[in-house]
Engineer: 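I am attaching a structure below and will ask some questions about it afterwards.
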Protein chains: 2
Amino acid sequence: MNNNNIFIEKLRSAGLRPTIQRINICKVLFDRKKTFHFTINHLKTLLQEKTDQKISQATVYNTINALTKKGHLKEISINSEKNYFDTNITSHHHFYNESTKELIDLQDSDIGKINIKKPLPGKKIKSIEVLVKVANNN
Amino acid sequence: MNNNNIFIEKLRSAGLRPTIQRINICKVLFDRKKTFHFTINHLKTLLQEKTDQKISQATVYNTINALTKKGHLKEISINSEKNYFDTNITSHHHFYNESTKELIDLQDSDIGKINIKKPLPGKKIKSIEVLVKVANNN
DNA sequence: CTCTACTTTAGAATCATTATAAATTACACA
DNA sequence: TGTGTAATTTATAATGATTCTAAAGTAGAG
Ligand SMILES: [Mn+2]
Ligand SMILES: [Mn+2]
Ligand SMILES: [Zn+2]
Ligand SMILES: [Zn+2]
């Protein structure tokens with residue numbers, strides 16, 4: 001795989017040694033065109049499917065936590081059932097399809113400008129994110 | 001306490017027998033002027049403080065889950081650290097103060113009208129909620 | 001008042017996540 | 001290109017939140 005060098009650089013820049021396990025995680029996470037929303041369990045399944053290398057649960061957790069702390073992943077809370085991570089690390093909006101349990105990124109242009117009318121003395125806004133819950137008709 | 005009858009009615013309307021434990025939970029949850037955002041642990045602490053009656057952990061969980069299922073409470077996901085519940089069961093927006101870990105309701109009038117520009121064929125919008133994360137200025 | 005279904009409870013079970021500590025590996029530098 | 005050391009991986013144990021179990025207690029219809 002030719003992207004390996006990119007992943008190795010990504011890991012190095014985060015202060016992580018590029019081990020086989022971590023490179024395989026990067027392949028599954030970042031070797032795709034669209035944003036990837038996933039749970040740890042989903043990721044573990046994909047790792048089993050897509051790679052030969054065995055990988056322990058602890059390494060999956062450690063690596064995802066490290067990538068998240070370094071800002072290469074974002075944690076997303078939709079409900080208390082599942083803990084999601086997101087390869088789109090920008091501040092952005094989501095559709096959540098309650099019928100399919102699918103999470104989809106929204107572009108800023110998909111939602112009108114949001115302006116906070118309430119004054120916030122002594123406080124700094126860190127992010128403004130919209131969650132639109134939808135369900136399939138019938 | 002004079003509100004007891006209100007709580008008893010509330011419980012009855014949800015098909016729950018008004019036991020001492022459940023009435024005490026209602027007192028802590030609903031006997032207040034403003035929206036109450038809480039975690040189970042927070043609630044357990046308040047129950048100990050404000051009532052004499054002992055109450056088991058299982059009863060707290062069972063009752064909160066029953067009230068939530070019946071629509072008297074709403075579950076709120078801000079982050080994966082803590083699971084919050086909300087006595088404001090309407091669809092509404094929140095400020096989350098990352099410095100104080102405080103969650104505050106926003107009125108619709110605090111935020112400009114949000115309109116979804118993206119067409120959603122075959123889907124029905126269930127809710128549109130904004131989460132504004134803020135932090136104290138150093 | 002009595003009976004029965006509902007409720008409470010302590011404790012066990014489960015599930016996701018984190019900690020531990022021994023074996024393995026990456027890689028700086030000799 | 002070897003060696004030493006710190007970083008990493010891993011199996012397994014521990015933890016913490018939540019749910020389950022099943023025995024004892026209670027509400028309330030009749
Ligand atoms: Mn986490
Ligand atoms: Mn729940
Ligand atoms: Zn996203
Ligand atoms: Zn609220």
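Please read all numbers here as calculations on a predicted model, not as lab measurements. Naming: A, B, ... by sequence-line order, numbering from 1 per chain.
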Engineer: Distance check: side-chain N/O of Tyr61(B) vs OP1/OP2 of dT19(D), anything under 4.0 Å?
Structural biologist: no
Engineer: Can you name the ring-ring contact (aromatic ring centres under 6.0 Å, His included) partners of Tyr84(A), sequence neighbours left out?
Structural biologist: none
Engineer: Would you please name every residue forming a ring-ring contact (aromatic ring centres under 6.0 Å, His included) with Tyr96(B), sequence neighbours left out?
Structural biologist: none
Engineer: Can you list, pair by pair, the side-chain donor-acceptor contacts under 3.5 Å of residues 124-133 of chain B, counting residues two or more places apart and other chains?
Structural biologist:
residue: Glu129(B); atom: OE2; partner: Lys74(B); partner atom: NZ; Å: 2.8
residue: Glu129(B); atom: OE2; partner: Ser91(B); partner atom: OG; Å: 3.4

Engineer: Could you check whether atom CG of Asn137(A) has more than 12 heavy atoms from other residues, nucleotides or ligands sitting under 6.0 Å from it?
Structural biologist: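 More than 12 within 6.0 Å, yes.
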Engineer: With a 4.0 Å cutoff (strictly under), does any side-chain N or O of Asn65(B) reach OP1 or OP2 of dT18(D)?
Structural biologist: no
Engineer: Rounded to whole angstroms, how far apart are OH on Tyr84(B) and P on dT18(D)?
Structural biologist: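 The answer, rounded to whole Å, is 12 Å.
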Engineer: Toward the 5' end of DNA chain D, which comes first, Pro18(B) or Lys44(B), by nearest nucleotide?
Structural biologist: Lys44(B)
Engineer: Give the rounded distance in Å between these two atoms: CD of Glu75(B) and C1' of dA17(D).
Structural biologist: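 Taking atom C1' of dA17(D) as the reference, CD of Glu75(B) is at 13 Å.
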Engineer: What is the distance, rounded to the nearest whole Å, between atom CG of Leu11(B) and atom C1' of dA27(D)?
Structural biologist: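 Checked: the CG to C1' distance equals 13 Å.
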Engineer: Taking side chain to side chain contact (heavy atoms under 4.5 Å, CB included) as the definition, give me every residue that meets it alongside Ile104(A), ordered by chain and number, with sequence neighbours left out.
Structural biologist: Phe95(A)
Engineer: Indicate whether any N or O donor in one side chain lies under 3.5 Å from an N or O acceptor in the other, for Gln21(A) and Thr63(A).
Structural biologist: no
Engineer: Suppose we screen for ring-ring contact (aromatic ring centres under 6.0 Å, His included). Which residues come up paired with Phe36(A), at least two apart in sequence or across chains?
Structural biologist: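 Phe36(A) satisfies ring-ring contact (aromatic ring centres under 6.0 Å, His included) with Phe38(A), His42(A) only.
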Engineer: CD1 of Ile8(A) versus C1' of dC27(C): gap in Å, rounded?
Structural biologist: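 Nearest whole value for this atom pair: 13 Å.
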Engineer: Where along nucleotides 3-9 of chain C does protein come under 4.0 Å, by heavy atom, of base (B) or sugar-phosphate alone (S), with - for untouched nucleotides?
Structural biologist: ---SSSB
Engineer: Can you list the residues that meet the ring-ring contact (aromatic ring centres under 6.0 Å, His included) rule with His37(B), with sequence neighbours excluded?
Structural biologist: His94(B)
Engineer: Between atom CG in Asn79(B) and atom C1' in dT17(C), what is the gap in whole Å?
Structural biologist: 15 Å
Engineer: Can you name the residues that form a side chain to side chain contact (heavy atoms under 4.5 Å, CB included) with Tyr61(A), not counting sequence neighbours?
Structural biologist: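 With neighbours one apart ignored, the set is Ile40(A), Gln57(A).
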Engineer: Just N and O in the side chain of Asn83(B): are any of them under 4.0 Å from OP1 or OP2 of dA17(D)?
Structural biologist: no
Engineer: Please give, in whole Å, the distance from dA17(D) C1' to Phe85(B) CZ?
Structural biologist: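 That distance rounds to 11 Å.
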Engineer: Rounded to whole Å, please give me the gap between CG in Asn24(A) and C1' in dT9(D).
Structural biologist: 14 Å
Engineer: In degrees, rounded to 10°, what is the bend between the two ends of the helix from dC1(C)-dG30(D) to dA30(C)-dT1(D), using five pairs at each?
Structural biologist: 30°
Engineer: Figure out the CD/P separation between Glu81(B) and dT15(D), and round it to whole Å.
Structural biologist: 19 Å
